[in-house]
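Here's the structure we're looking at; comments come further down.
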Amino acid sequence: MRSSQYLLSTLKETPSDAEIVSHQLMLRAGMIRREASGMYTWLPTGLRVLRKVEAIVREEMNKAGALEVLMPMVQPAELWQESGRWEQMDAELLRFKDRHQRDFVLGPTHEEVITDLVRKEISSYKQLPINMYQIQTKFRDERRPRFGVMRAREFLMKDAYSFHLSQECLEKTYQTMYQAYSNIFTRLGLDFRPVLADTGAIGGAVSHEFHVLAASGEDAIVFSDESDYAANIEKAEALAPTTARPAATAAKTEVATPNAGTIAEVSALLKVDACQIVKTLLVHAAKADEKAPQTLVALVLRGDHELNEIKADKHPLVASPLTFATEAEILAATGANAGSIGPVGLSIPVVVDRSAAVLADFVCGANKTGFHLTGVNFDRDIPTYEVADLRNVVEGDPSPCGKGKLVIKRGIEVGHIFQLGDKYAAAMKAGVLNEEGKHQIMTMGCYGVGVSRIVAAAIEQNHDEYGITWPAAIAPFQVALVPMNMHKSVRIQEATEQLYKELMAAGIEVLFDDRKERPGVMFADMELLGVPHHIVIGERNLDERKVEYKNRRTGEKLLLNLDEVLATLQQQLK
RNA sequence: CGGUGAUUAGCGCAGCUUGGUAGCGCACUUGGUUUGGGUCCAAGGGGUCGCAAGUUCGAAUCUUGCAUCACCGACCA
């Protein structure tokens, strides 16, 4: 490709609304342009990278025995009504009507469509297992799109769905997919980790996420420093402390804490460490039955701990989805403002985190605005309560696997695999005849890869002060030809044209910068784009029939004879 | 959806307080200059100042409403 016939569209300045480095570099390198919030046009350079990611995903899926299909992006509402997700999913599901006033959705995922397909096409156990996938645009009307294509509303995803008669068979395909995903991210040249994950709204029992490690990652993932345990923080269990609760020694005392509402303020005012204070969060309670008015539940945590909303959401007393009480509800239930509430004397159920439950003589709100209690003890002062795991683990906690302590890192979720079970197949009555000739509901797995997100994640992990330093497998071009002042020198032009022809003939993806630009402009653009191998052709070395090779990532430079350029590059590209 | 902020040329921004019909840098066009790290000089093209209404002789500037965008939070395949 000659850059004079290409759309480089590089920017010298960083657009002001791009926050993270991958978004900034994708804009500056001319890879994407925003069309609306969370919706992007992929320019030629961006699309080249996207297609390479796609190709690797496709190859590995095919190798793993999955069959490629292409399902419609626009889906009829009836399927979603049948699975129950028409009601379950909120505004994230973009709904609209056609000219006949029939309801449709823009597909955020394809469990419904694939299940519908399979129940029509597959009728015998002999056709199972089957694993089908597609690489397609998804639309999720995110409340808050951000970070460019990292969290876009419209994005490219590879989604696969497998169907089985037995759990054993599902587990086998799950393992195959786990391996295929590891192969994909290894080939992409990314530093990634598979971690145990929560199954979330999609349902199912067992699930792993594949994370690319990056400081800008939206997810916290935890590792054991002594075993291979790794999990999303949402999923990681905080074990109950092994130490017994000390005996109560202090009397319950009310102290005035005017203007001290937060844990930090109370801690400073009373000179008590945050881990001896408990915080109380009021959330809406699960309805006992349709007639019961929705009331509240108090969640009690140590002052230095954070609520894990997934765990709270799953607690039987707590309404799902988890919602916090309003100021007015808090006042009505406790008689105090949010900054002064505590578990003593409440008339609503109290659920205490395991770590908070072993505290003695602790501090909490007095349920009286502007006052706290010191010397508070469970059982003595709070007769009825329940203990549960409610908090996020913190660094240094014992690993749930029993070996080692936890370390926390940040990750970008680029893949997610689920053992779904029969959730969709049962709701949509997708079954086959088994060996006994009886109708049996199938069990499902589903497996997603965020193809467009991978492009951003790869940049988060591979950049420097000059621009992108692509892993070899997904660079938009393999080699940049950078002639110095070609328009002034016939022999440079001839040498470069010759090299271009030679490299193209060898099947190498070359970007030939034939613009009438100064050297600095060309160097800056080729580095911004992150082309891995640069060949600089200048008068200086041409006297000895030599050109300069430069490696984008390592900065390594070599002087090459003109006739050894191709062989050297082929060696580098291996 | 709550909070905060923004919206003036393709990009980055100034002008707004104190109303008088728009400017700077980059990019773009032309000519020259320079040529191994985003040269320099000159001339030029490009803007219904997000939209609408209001106040006013006069609005980018003041008022009101709306829209869009971003960030923080909530939410989340």
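Lettering follows sequence order; numbering is per chain, from 1.
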G-U wobble or Watson-Crick pairing nucleotide for [N] (cut-off 3.5 Å, both distances):
| N | result |
| --- | --- |
| B:G65 | B:C51 |
| B:A59 | none |
| B:G46 | none |
| B:G36 | none |
| B:A70 | B:U4 |
| B:C26 | B:G10 |
| B:U18 | none |
| B:C75 | none |

If the threshold is 4.0 Å, N to carboxylate O, is there a salt bridge linking [X] and [Y]?
| X | Y | value |
| --- | --- | --- |
| A:Glu218 | A:Arg146 | yes |
| A:Arg2 | A:Glu497 | yes |
| A:Arg491 | A:Asp543 | yes |
| A:Lys138 | A:Asp159 | yes |
| A:Glu306 | A:Arg391 | no |

Taking [atom1] from [X] and [atom2] from [N], how many angstroms apart are they, rounded to a whole number?
| X | N | atom1 | atom2 | value |
| --- | --- | --- | --- | --- |
| A:Lys12 | B:C11 | NZ | P | 17 Å |
| A:Arg540 | B:G36 | CZ | P | 7 Å |
| A:Arg144 | B:A74 | CZ | C1' | 10 Å |
| A:Gln24 | B:C71 | CD | P | 11 Å |
| A:Glu517 | B:G38 | CD | P | 12 Å |
| A:Glu527 | B:G37 | CD | P | 12 Å |
| A:Leu27 | B:G10 | CG | C1' | 13 Å |

Provide the distance between the two [atom1] atoms, one in [N] and one in [M], to the nearest whole Å.
| N | M | atom1 | result |
| --- | --- | --- | --- |
| B:A27 | B:C11 | C1' | 7 Å |
| B:A9 | B:A60 | C1' | 14 Å |
| B:C26 | B:U61 | C1' | 26 Å |

[X] has a side chain; which of [options] sits nearest to it?
| X | options | result |
| --- | --- | --- |
| A:Ala524 | B:C76, B:U35, B:G38 | B:G38 |
| A:Ala36 | B:C75, B:C69, B:U39 | B:C69 |
| A:Asp525 | B:G36, B:G38, B:U39 | B:G38 |

* Tell me, please, whether A:Trp86 has A:Arg95 positioned over its six-membered ring: NZ or CZ under 6.0 Å from the ring centre and within 45 degrees of its axis? =>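 Here A:Arg95 passes the 6.0 Å and 45° test against A:Trp86.
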
* Mind running a 4.0 Å heavy-atom check of residues 450-470 of chain A against RNA chain B and sending the residues that fall below it, in number order? =>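 Within residues 450-470 of chain A, no residue comes under 4.0 Å of RNA chain B.
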
* **A:Glu234 versus A:Asn308, closest heavy-atom pair with distance** =>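 Closest approach of A:Glu234 to A:Asn308: O-ND2, 3.3 Å.
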
